[in-house]
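Working notes, beginning with the structure itself.
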Amino acid sequence: MLNEEAPHLLEKREKKERRVGLPELKNAEKGNVVLRFAPNPNGPMSFGHARGIVINGEYAKEWDGELILRFDDTDTVVKPPLVSAYKDIETEAGWLLGYAPHRVVIASDQIPHYYEHAEQMLKAGFGYVCRCSGEAFKVFRVDKTECPCRGNSTETNMNLWGKMLDGTFKPGDAVVRVKTDMTLKNPALRDWPALRMQDTANHPHPRPEIGSTYRVWPLLDFQSAVEDHLQGVTHIIRGKDLMDSTRKQTLLYEHFGWEYPETMYWGRVKVHEWGGFSTSQMRRDIEAGHFTGWDDPRLPTLAALQRRGITAEALRAFWIELGVTQKDISVPLTTLFSHNTKQIDDEAPRLAFIRSPQQFNLTGEHPSSVSVDVHPNHEEQGKRTFDLTSPAIWIEQDDSAKGELRLKGFADVTLTGTDAAVQSIDRQDNRPIVHWLSDAQSTPGTLILADDGELLELNGQMEDHAYPVGTMVQLERIGYGRVLSPTVILFSHS
RNA sequence: GGCCCGUUCGUCUAGGGGUUAGGACGCCAGGUUUUCAUCCUGGUAGCAGGGGUUCAAAUCCCCUACGGGCUACCA
């Protein structure tokens, strides 16, 4: 009866299930999904790029689809590509994804295709060569009036196009525009520029195989639109700053008679601990020697994060959790670190590092050696043994001020002068438990930490170990770090 | 100036007409632990503001405020 009177009351219940993971991909067909991630290779990737790779990559995996890594390297003057970045980005993408991108496309290799489509556009009459300056055209755009070039005949357009190609025109003399409608409500869409000329004689494309070969280059909206069609992209997921780009490209797709892919957008992300870093600025700062390189731990690059020991799994979990909301957000790095802790803690061997080490001499009755677990939750990882036949031990200065201490895993001691008198091997009271080292099993070492824009090198006493470079360890009572050498550890996070 | 997008616990996120508004991080309390780690248990706290539609609004509409973006011969 309820079913007849008020069916909606019964239907509601199942809608309450909470979604886990990424939202549903609209109009997706298993095995027939093509996504792409399209960075400008003007430097290695930074934290924000990871979102593009992770989100697109996860959808590709989920739908048995393909992920295209596309280098949008069509500017040689304002944001010139960095030759080494192509390879770096591809490697980093593979690391982050856990699989190699299915296809790699380099826009600068595709120029002939873009020319073909530009000519097709000119011949079909939905594009024209515009000889107005940028400033002059801005007036037309604001006033909703058509520029005189808009009325060019096909012959005129083809003639002018030829002059762009053969170098009769110089950069700034002419651009190819897509005819939309100068009265469109959104000024950003009015007869937008599709191709322009670049001074590749003085600003050759950094890829030697391209160099100064082309004078005419497509702009992002045109290049991306044509390439997405050529590659059969079905879904575009990118930042919402490109929303108007979608609208421009949709107008072009209508001219060509193509169907525009499904789109999704994410909002702007700021990381509380990092201000605004731009790839171009980082590149200048590195070249000026302000940073040690792209993997300088102070930098928000993927290389730096990887060097610090942030795992690809943690990065993926982090971005998947943020999803694809269009909200502009500001997230703390601690969220990423929390994901990372979950990834590494179970494996990370424990190690002692004594900051501001003070040496004491053990006195009183005690065993000649003591063993503690490599990992408290995993006995199978073995023991660390400290030889105590020689009395020298190390304790952190801050701890030594406390006077009465429990040396972790060993004994209760009382500090007097430079003596550490063993009072009891068993724990007798609730005095503070501190980490310590025997002089015999330790050497001077360094803990490097990136703190508030500074690179600090903390010297101290490092427990001897044979872990290979790259091992993530947990420094007792300090936090996680990555082994850079037997005596140097790069602090990761607490 | 024009146009576009957004606003749910401190932070991030789920939910998109009827929910005790769920989860994660953080924080607090307790437990395990010879690390201020990990792990477990519990607690804390939220629908930007104002109108409207509706029996019913966090959810739909309008306005305002705030945040972000585009309007480049950058991507």
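Source: prediction; values computed, not measured. Naming: A, B, ... by sequence-line order, numbering from 1 per chain.
Between A:Arg350 and A:Asp373, none of the side-chain N atoms (NZ, or NE/NH1/NH2) sits under 4.0 Å from a carboxylate O, so this pair counts as no salt bridge. Here A:Arg355 does not pair with A:Asp398 in a salt bridge; the nearest charged N to carboxylate O distance is not below 4.0 Å. Ionic pairing of A:Asp399 and A:Lys408 is not present here: no N-O contact between side-chain nitrogen and carboxylate oxygen is shorter than 4.0 angstrom. In this structure, A:Arg196 pairs ionically with A:Asp75, as a charged nitrogen and a carboxylate oxygen lie closer than 4.0 Å.
Nucleotides B:U11 and B:C40 have their C1' atoms positioned 24 Å apart, rounded to a whole Å. Comparing B:C28 with B:G51, their P atoms are spaced 39 Å from each other, to the whole Å. Taking atom P on both nucleotides, B:U53 is separated from B:C4 by 26 Å, rounded to a whole Å. For B:U13 and B:U7, the P atoms lie 9 Å apart once the distance is rounded to whole Å. Rounded to a whole angstrom, the distance from the C1' atom of B:A14 to that of B:C74 is 37 Å. With both ends at atom P, the span from B:C12 to B:C47 equals 15 Å, rounded to whole Å. With C1' as the reference atom, B:C63 and B:G69 are 22 Å apart, rounded to whole Å. A gap of 31 Å separates the P atoms of B:C73 and B:A65, to the nearest Å.
When atom types are taken as modelled, the side chain of A:Tyr253 and the backbone of A:Ala225 share a donor-acceptor pair closer than 3.5 angstrom. With hydrogens and angles disregarded, a donor-acceptor distance shorter than 3.5 Å links the side chain of A:Asp73 to the backbone of A:Ser108. Here the side chain of A:Arg51 pairs a donor or acceptor atom with the backbone of A:Gly323 at under 3.5 angstrom.
At a threshold of 4.0 angstrom between heavy atoms, the contacts of A:Gly409 include nucleobase atoms, whether or not backbone atoms are also involved. At a threshold of 4.0 angstrom between heavy atoms, the contacts of A:Val175 include nucleobase atoms, whether or not backbone atoms are also involved. In this structure, A:Gly323 reaches neither bases nor backbone, as no heavy-atom distance under 4.0 Å exists between it and the strands shown. Residue-level contact check: A:Lys79 touches the bases, meaning some heavy atom is under 4.0 Å from a base atom. Counting non-hydrogen atoms under 4.0 angstrom, A:Pro376 reaches a base of the nucleic acid. At a threshold of 4.0 angstrom between heavy atoms, the contacts of A:Tyr265 with the nucleic acid are absent. Counting non-hydrogen atoms under 4.0 angstrom, A:Arg247 reaches the backbone sugars and phosphates but no base.
Within the shown strands, nothing qualifies as a pairing partner of B:U54 under the Watson-Crick or G-U definition with both distances less than 3.5 Å. In this entry B:C3 has B:G69 as its Watson-Crick or G-U wobble partner, both defining distances falling under 3.5 Å. The nucleotide B:G42 finds its pairing partner in B:C28, both defining distances of the Watson-Crick or G-U wobble pair being shorter than 3.5 Å. Pair assignment for B:U34: none, as no Watson-Crick or G-U wobble contacts are both less than 3.5 Å.
Taking the centre and axis of the six-membered ring of A:Phe137, the NZ or CZ atom of A:Arg177 falls inside the cone set by 45° and 6.0 Å.
Closest to the side chain of A:Asp75, from the set B:U11, B:C74, B:U35, is B:C74.
Looking only at side-chain heavy atoms (C-beta outward), A:Ile310 and A:His493 come within less than 4.5 Å of each other.
Look at CG on A:Asn430: it is 13 Å from P on B:C36, rounded to the nearest Å. Summarising the geometry, the separation between NE2 on A:His493 and P on B:A37 is reported as 14 Å, rounded to the nearest angstrom. Whole-Å rounding puts the A:Leu322 CG to B:A24 P distance at 16 Å. One interatomic measurement links the two molecules: CD of A:Glu463 to P of B:U35, which rounds to 15 Å at whole-angstrom precision. One interatomic measurement links the two molecules: CD1 of A:Ile433 to P of B:U33, which rounds to 11 Å at whole-angstrom precision. The CG atom of A:Asp244 sits 18 Å away from the P atom of B:C74 (whole-angstrom rounding). In this structure, A:Glu476 places its CD atom 13 Å from C1' of B:U33, rounding to the nearest Å. Rounded to a whole Å, the CZ atom of A:Arg268 is 14 Å from the C1' atom of B:C5.
Remark: the A:Gln474 side chain and the B:U35 base include a donor-acceptor N/O pair separated by less than 3.5 Å.
What you find for A:Leu230 and A:His113 is that their closest heavy atoms are CD1-CB, 3.8 Å. A:Gln441 approaches A:Asp387 most closely through the heavy-atom pair OE1-N, 2.6 Å.
Nearer to the 5' terminus of RNA chain B, by closest-nucleotide assignment, is the contact made by A:Glu396 (compared with the other of A:Glu396 and A:Val78). If A:Ile478 and A:Leu242 are placed on RNA chain B by their nearest nucleotide, the residue sitting closer to the 5' end is A:Ile478.
In this structure, A:Thr325 reaches the B:U13 phosphate: one of its side-chain N or O atoms is under 4.0 Å from OP1 or OP2. In terms of phosphate contacts, A:Arg406 brings no side-chain nitrogen or oxygen within less than 4.0 Å of OP1 or OP2 of B:U35. OP1 or OP2 of B:A75 has at least one side-chain nitrogen or oxygen of A:Thr74 nearer than 4.0 Å. Taking side-chain N and O atoms only, A:Arg196 has a distance below 4.0 Å to OP1 or OP2 of B:A75. Put simply, A:Lys408 has no side-chain N or O that comes within less than 4.0 Å of OP1 or OP2 on B:U33.
A perpendicular orientation is assigned to the rings of A:Tyr214 and A:Tyr115, their planes being inclined by more than 60° (bins at 30° and 60°).
Defined by atom type and a distance below 3.5 Å, a donor-acceptor pair is missing between the side-chain atoms of A:Asp426 and A:Ser424.
The stretch residues 186-195 of chain A comes close to RNA chain B through A:Asn186, A:Pro187, A:Ala188, A:Pro193, each having a heavy atom under 4.0 Å from the strand.
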Atom pairs under 3.5 Å, N or O on each side, protein against nucleotides 62-67 of chain B: can you list them with distances?
| from | atom 1 | to | atom 2 | distance (Å) |
| --- | --- | --- | --- | --- |
| B:G67 | N2 | A:Lys240 | NZ | 3.4 |
| B:G67 | N2 | A:Asp328 | OD2 | 3.2 |

